[in-house]
Amino acid sequence: MKLAHFESIEPVCPSCRLHAAGEHPLTLATIAVRSHDSVIEGTLHCSNAACQLEYPIIDGIPLLFPDPRGYIADNIVHLTARSDLSAETESILGDCLGPNSAFDITRQHLSAYAWDNYGDLDPAEATDARARPNGVGRCLHAGLARVERRIDRPILDIGCAVGRSTFELAQASSQLVLGVDTNFAMLRLAQRVLSERKLRYPRRRIGIVHDRREFQVDFPAMEQVDFWACSGMSPPFRSDTFGLSVGLQLLDSVSSPHGLLSAIADVLHPGGSAVLATPYDWSPAATPIEGWIGGHSQRSIYQGAAEPLLRALLTPGAHPHSVAGLILRHEIPHFPWHTRIHDRSITVYDTHIVVAEAVETGESR
Ligand SMILES: C[S@@+](CC[C@H](N)C(=O)[O-])C[C@H]1O[C@@H](n2cnc3c(N)ncnc32)[C@H](O)[C@@H]1O
Ligand SMILES: [Zn+2]
């Protein structure tokens with residue numbers, strides 16, 4: 001956790017905030033391991049005497065969830081995972097644990113996201129016209145080109161995964177950028193790119209066979225970037241903190257898309273912008289069907305379509321659940337995003353990009 005980001009963003013206790021107990025700043029209570037500008041291991045405390053929750057910082061990443069015990073219990077395998085094993089030992093472990101083990105699923109996630117985020121920088125990656133890495137960067141810049149307002153506050157990249165969009169945002173602005181995600185394994189990879197300027201990831205060949213890829217990764221303005229573990233739906237930030245919030249391929253990955261839109265409206269300063277992209281690839285494993293934006297209720301006014309419903313949610317008064325404080329300004333109806341599953345499987349998503357602006361609501365601000 002970079003001290004510059006901690007001091008400038010001034011995070012608040014996500015538990016107190018979620019339970020409407022106020023915005024209580026977190027204090028840096030202990031530092032067990034530090035580098036010149038960052039805390040690598042330590043703890044943050046809630047300053048509310050009635051709460052006093054402790055939030056650990058592990059591998060340079062603060063864990064800022066309203067229920068830290070629950071998050072740690074669910075993610076202990078990732079929090080204590082080793083990153084120093086040789087490719088051969090990792091391969092043997094993968095073979096022993098087999099398909100669908102937590103180890104295998106993590107490797108598949110890292111393979112897919114590291115390939116898209118950094119494959120264009122990998123000297124060993126062959127050019128393949130059917131699948132171009134860095135769809136995430138192209139998607140981001142297509143949305144950013146439609147942001148009309150000047151960005152004069154920190155930037156929040158929600159669901160940043162392994163971090164390419166966060167680095168691109170730093171390059172495109174002069175602001176501090178915070179990449180946040182709930183997936184610790186992906187954040188750790190992003191954090192390692194940040195601290196070592198190097199990427200190492202298991203690139204899936206087929207089945208449970210992965211090849212290790214390792215190469216240099218360097219972007220301008222990396223000092224503006226940091227990565228924190230938290231949920232975009234219960235964020236540890238004061239209202240009005242950010243000048244831009246980005247969420248690429250995120251709306252269909254969260255348990256409450258509407259809750260996420262409301263949380264984005266809240267953390268954005270009036271005049272700030274949101275860039276969101278989604279292929280509406282709904283899955284009940286991520287989002288209960290009641291929360292889907294379209295994709296069901298075929299006999300409803302929008303006949304199950306997603307796009308008009310998202311437009312209505314981002315237009316004040318157009319829907320009973322229109323999001324207070326966010327107004328749709330621009331959209332790109334179709335934008336391609338490739339995901340590489342393995343050597344013989346590439347999925348092309350057709351994403352919908354929207355750019356919205358945060359406005360005063362008079363209610364929540
Ligand atoms: C489909 S991936 C997209 C990743 C990246 N933005 C990209 O475009 O490559 C969705 C990401 O959102 C993260 N995510 C899911 N729920 C989240 C939440 N509540 N808050 C923050 N991130 C979340 C997932 O861990 C995953 O990394
Ligand atoms: Zn608290």
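Whatever order the structure lists them in is the order used to number ligands and atoms, beginning at 1.
Salt bridge absent: Glu148 and Arg329 never bring a charged side-chain N and a carboxylate O closer than 4.0 Å. In this structure, Arg69 does not pair ionically with Asp74, as no charged nitrogen and carboxylate oxygen lie closer than 4.0 Å. Salt bridge annotation for Arg213-Glu125: present, with a cationic side-chain nitrogen under 4.0 angstrom from a carboxylate oxygen. Under a 4.0 Å N-O distance rule, the pair Asp59/Arg188 qualifies as a salt bridge. Between Arg340 and Asp343, at least one side-chain N (NZ, or NE/NH1/NH2) sits under 4.0 Å from a carboxylate O, which counts as a salt bridge. Using a 4.0 Å cut-off between charged side-chain N and carboxylate O, Glu331 and Arg311 make a salt bridge. Salt-bridge annotation for Asp116 and Arg132: absent, with no side-chain N of the basic residue lying under 4.0 Å from a carboxylate O of the acidic one.
Not a single N or O atom of Val180, backbone or side chain, sits closer than 3.5 Å to an N or O atom of ligand 1.
Of the protein's heavy atoms, Leu248 O, 3.5 Å lies nearest to atom 3 (C) of ligand 1. Looking only at heavy atoms of the protein, atom 14 (N) of ligand 1 is closest to Thr182 OG1, 3.6 Å.
For ligand 1 and Gln249, the ligand atoms under 4.0 Å from any heavy atom of the residue are 1 (C), 2 (S), 3 (C), 8 (O), 10 (C). Under a 4.0 Å criterion applied to the non-hydrogen atoms of Ser253, ligand 1 contributes the atoms 1 (C), 10 (C), 15 (C), 16 (N). Atoms of ligand 1 found under 4.0 Å from any heavy atom of Gly232, numbered from 1 in the order shown, are 18 (C), 19 (N), 20 (N), 21 (C). Near Gly159, with a cut-off below 4.0 Å to any heavy atom, the atoms of ligand 1 are 4 (C), 5 (C), 6 (N), 11 (C), 12 (O), 13 (C), 21 (C), 22 (N).
The main-chain N or O of Gly42 is never found under 3.5 Å from a side-chain atom of Thr30 such that the two would form a donor-acceptor pair.
For the residue pair Gln108/Asp104, the side-chain donor-acceptor check at 3.5 Å is satisfied.
Among Val162, Asp252, Asp181, the residue whose heavy atom lies closest to atom 26 (C) of ligand 1 is Asp181. Heavy-atom proximity to atom 19 (N) of ligand 1, evaluated over Ser231, Ala277, Pro279, is greatest for Ser231. Which of Val136, Leu250, Ile158 comes nearest to atom 7 (C) of ligand 1 through a heavy atom is settled by distance: it is Val136. Among Tyr349, Phe65, Tyr113, the residue whose heavy atom lies closest to atom 2 (S) of ligand 1 is Tyr113.
Looking at Met186 against ligand 1, only its side chain comes within 4.0 Å, counting heavy atoms. By the criterion of a heavy-atom distance under 4.0 Å, neither the backbone nor the side chain of Leu260 is placed next to ligand 1.
With the Zn ion (ligand 2) as vertex, Cys13 SG and Cys51 SG subtend 120°, rounded to 10°.
Relative ring orientation between Tyr113 and His109 is described as tilted, the plane-to-plane angle lying within the 30° to 60° band.
When distances to the Zn ion (ligand 2) are checked against a cut-off of 2.8 Å, His24 contributes no N, O or S atom below that limit.
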